[in-house]
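Heads up: the structure comes next, in structure tokens.
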Amino acid sequence: NAGVTQTPKFQVLKTGQSMTLQCAQDMNHNSMYWYRQDPGMGLRLIYYSASEGTTDKGEVPNGYNVSRLNKREFSLRLESAAPSQTSVYFCASRGDRSAYGGQYFGPGTRLTVT
Amino acid sequence: DAKTTQPPSMDCAEGRAANLPCNHSTISGNEYVYWYRQIHSQGPQYIIHGLKNNETNEMASLIITEDRKSSTLILPHATLRDTAVYYCIVRSNNQAGTALIFGKGTTLSVSS
């Protein structure tokens, strides 16, 4: 199992450009999450999807959109990138064999907006 | 989420057991104890979780006291690759709309 994979690993954007961060998991998990982590800071939840076909806002959704394409894939789109969106973005999924399962994280996408 | 308290840092010799403590004296009956770690520049990694019984998996063991007010994560044979920041989180189910709050954690340094 590859677990949770994210592409790209690194990206540099100019202000106003758009891009989509891709995330996929092969663990048959229902729940998926997008977080951002700024230097020296904790995780902040952007959006999450409790199951295929549903998405909900987290704590910091402004400037982002998401798509739960199928059970495996959950993408994050920046429509018009801003320097404040410079961050490391992590995708995570949670298993439901145990309703209290831990979250499994991908390796992250390091995004710089200039 | 209940508040947790962890020592800021710990050292461990390679091959020895690393015992990382966590206090969570205000834990509620429906809250689980989770452990994660984050190695520098990598994504957080889920390690283990438990409610009141001791748990073991391929990575670690989790010992929860009978009153559930504290717990210990045990890495039985620490390696250099276990050097990371370890986070103890207390959390109830279905908090899908809120981020995991990691706090400051314990920086474990494993040396040869």
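Proteins get letters first, then strands, A, B, ... in listed order; numbering begins at 1 in each.
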Contacts of residues 105-114 of chain A with chain B (heavy atom under 4.5 Å): F105(A), G106(A), P107(A), R110(A)

Contacts of type side-chain hydrogen bond (donor to acceptor under 3.5 Å, both in side chains), residue S9(B), not counting sequence neighbours: none

Verify same cluster id: Y86(B), L62(B) (apolar side-chain graph, 4.5 Å): yes

Separation between CD of E79(A) and CD of Q17(A), rounded to the nearest 0.5 Å: 13.0 Å

Spacing of OG1 belonging to T5(A) relative to CG belonging to D26(A), to within rounding of 0.5 Å: 7.5 Å

Counterpart residues, side-chain hydrogen bond (donor to acceptor under 3.5 Å, both in side chains), relative to S87(A) (two or more places apart): D38(A)

Proximal component of Y87(B), with respect to chain A [non-hydrogen, under 4.5 Å]: neither

Neighbour count above 12 (heavy atom, 6.0 Å) for R77(A) CZ: yes

With a 3.5 Å cut-off and sequence neighbours excluded, list the donor-acceptor pairs that the side chains of residues 66-74 of chain B form with protein atoms.
unit_1: D67(B); atom_1: OD1; unit_2: T65(B); atom_2: OG1; d: 2.8
unit_1: D67(B); atom_1: OD1; unit_2: K69(B); atom_2: N; d: 3.0
unit_1: R68(B); atom_1: NH1; unit_2: E31(B); atom_2: O; d: 3.0
unit_1: R68(B); atom_1: NH1; unit_2: L51(B); atom_2: O; d: 2.5
unit_1: R68(B); atom_1: NH2; unit_2: S28(B); atom_2: O; d: 2.5
unit_1: R68(B); atom_1: NH2; unit_2: E31(B); atom_2: O; d: 3.2
unit_1: S71(B); atom_1: OG; unit_2: H24(B); atom_2: NE2; d: 3.0

Side chain / backbone / both / neither for Q37(A) at chain B, heavy atoms under 4.5 Å: side chain

